[in-house]
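Along the sequence shown, the residues carry numbers beginning at 1. Everything numeric in this text was worked out from a predicted model, so none of it was measured.
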Amino acid sequence: MRVVDLFEETSIALRANAVRSGLTILGIVIGISSVIAMVAIGSGASNSISSSIAAIGSNLIIVMPGAQRTFGAGASAGRGTAQSLTVDDGLAVTTQIPNASAVALDVSSRQQITAKGTNTNTSVIGTSPSYQSVRNLSVDQGVFISDSNVQSGAKVAVIGPTVVTDLFGADATGDQALGQTIRIKGTNYRVVGVTVAKGGSGFSNVDDTVYIPYTTAQRYLTGNQYLSEIDVSAASADTAKQVQTDITNLLLDRHHLSDPAQADFSTLNQADIAATASSITSTLTLLLGAIAGISLLVGGIGIMNMMLTNVTERTREIGLRKAIGAKKQDISRQFLAEAVALTVIGGVIGIALGWLIAYGVNATGIVTTSVSWFSVALAFGVSAAIGIAFGWYPARRAANLNPIEALRYE
């Protein structure tokens with residue numbers, strides 16, 4: 001049988017049962033589009049998380065009070081509740097760790113902020129000038145906290161753009177916020193700067209944050225000399241691990257601890273956080289793809305069911321073709337071509353639909369999606385493979401029919 005004849009026979013057979021063919025194709029369309037959309041959502045989430053982690057600092061090592069915790073717990077649970085890090089610890093890290101390019105001392109709490117009859121509840125971070133370089137933070141209007149502010153315990157504040165909106169109105173600009181007075185825990189602070197919008201980082205929203213000198217925070221917010229966190233920026237990615245080890249050894253010595261398991265502080269390396277997050281999101285993407293892949297399996301079963309029905313309905317036709325000289329391989333190719341055609345058509349439509357779904361989800365702004373050519377090629381290849389795999393048995397069954405019995409079939 002010529003290829004042209006094969007295509008013609010396949011087209012005629014599919015059009016003869018248009019409704020049945022359409023429903024079978026629909027199963028493949030749903031499966032392929034689900035796989036592409038789910039993988040796109042998973043990949044987009046992975047990219048978003050990776051970008052967020054990269055945005056929290058440069059070669060960052062975070063030192064926190066309290067016993068060693070895992071990434072998930074350390075990043076969110078119990079931040080600042082333990083009291084084991086002091087200003088002297090932070091200064092020691094600054095002066096005694098050779099590959100630490102910048103060190104920021106942090107005192108964090110959540111406070112109610114008021115201004116001109118409005119209020120908001122947000123994070124207040126008492127910190128030092130080096131916080132800017134450690135955390136990749138830029139000032140859009142005004143200035144950041146200075147060394148003189150820290151030394152004098154000045155009542156000044158640098159606020160994020162979300163805080164500007166919450167306190168001074170949706171139309172307020174950074175210029176309008178400068179010089180304004182905000183009140184935190186009964187104390188007035190003068191706004192001296194507004195940060196550049198960065199968006200949420202996954203752990204906190206830096207746009208919805210107020211920054212004040214850490215000495216001021218210790219005096220008016222916490223009432224003690226302890227730190228919530230020490231942020232350290234390593235000189236390079238290659239030295240980050242060594243800096244983390246050096247910090248651990250230094251603080252163990254300062255806290256008179258010989259056993260690292262008894263450490264009253266914990267450290268987190270930005271690279272470790274990124275690796276853990278990447279592993280989690282990769283697993284999530286694989287899981288989403290596998291769940292969506294189940295619908296492909298169901299679609300494949302639908303193809304086999306349709307083709308077996310076709311073989312039964314066209315038994316006399318098969319017998320007649322064999323009687324006039326058609327070979328087994330001709331019959332087999334014909335039914336296999338029909339199965340592959342169903343899946344390829346469904347695959348093409350499914351790829352287009354999956355792309356549109358991913359684009360639609362991305363347009364909502366809720367989740368950023370990322371469609372890769374690999375997932376598209378994989379989906380199309382899987383659809384063709386399903387056609388061959390689930391069309392093989394019906395094609396083989398049709399080819400093996402006895403022509404005499406087939407002609408007598410009613």
Please check this pair: side chain of D106 against backbone of S108, looking for a donor-acceptor N/O pair closer than 3.5 Å.
no

More than 12 heavy atoms of other residues, nucleotides or ligands under 6.0 Å from CZ of R219: is that the case?
no

Close side-chain approach of L221 and V107, heavy atoms under 4.5 Å:
no

Which residues pass the salt bridge (charged side-chain N to carboxylate O under 4.0 Å, His left out) test with R183, sequence neighbours left out?
none

Is a side-chain N or O of S84 found less than 3.5 angstrom from the main chain of D264, in a donor-acceptor match?
yes

Do P65 and Q83 have side chains that approach each other closer than 4.5 Å (heavy atoms only, starting at C-beta)?
no

More than 12 non-hydrogen atoms from neighbouring residues, nucleotides or ligands closer than 6.0 Å to CZ on R396, yes or no?
no

Using a 3.5 Å distance criterion without hydrogens, assess whether the side chain of Q180 forms a donor-acceptor pair with backbone atoms of Q176.
yes

Is any side-chain heavy atom of V124 closer than 4.5 Å to a side-chain heavy atom of I113?
yes

May I ask you to decide if the ring planes of Y220 and Y189 are parallel, tilted or perpendicular, using 30° and 60° as cut-offs?
perpendicular

Is a donor on one side and an acceptor on the other found under 3.5 Å between the side chain of Q334 and the backbone of I331?
no

The reported gap from OG in S128 to CG in L91 (rounded to nearest 0.5 angstrom) is 9.0 Å

Kindly say whether S123 contributes a backbone atom to a donor-acceptor pair with the side chain of T209 at under 3.5 angstrom?
no

Sub-3.5 Å donor-acceptor pair from the side chain of D140 to the main-chain atoms of V194, do we have one?
no

Short side-chain to backbone donor-acceptor contact, D89 and T86, under 3.5 Å:
yes

Note, V87 side chain near L227 side chain (heavy atom, < 4.5 Å)
yes

Between R190 and T181, a side-chain donor and acceptor under 3.5 Å:
no

Do side-chain atoms of T127 reach the backbone of L105 as a donor and acceptor pair under 3.5 angstrom?
yes

Residue of the set I145, I125, V158 for which side chain to side chain contact (heavy atoms under 4.5 Å, CB included) holds with Y131
I125

Checking T122 side chain against D208 main chain: does a donor-acceptor pair fall under 3.5 Å?
yes

With a 6.0 Å cut-off (strictly less than), is the heavy-atom count around CG of N121, excluding the residue itself, greater than 12?
yes

Side-chain donor/acceptor of S33 to backbone N/O of G350, under 3.5 Å:
no

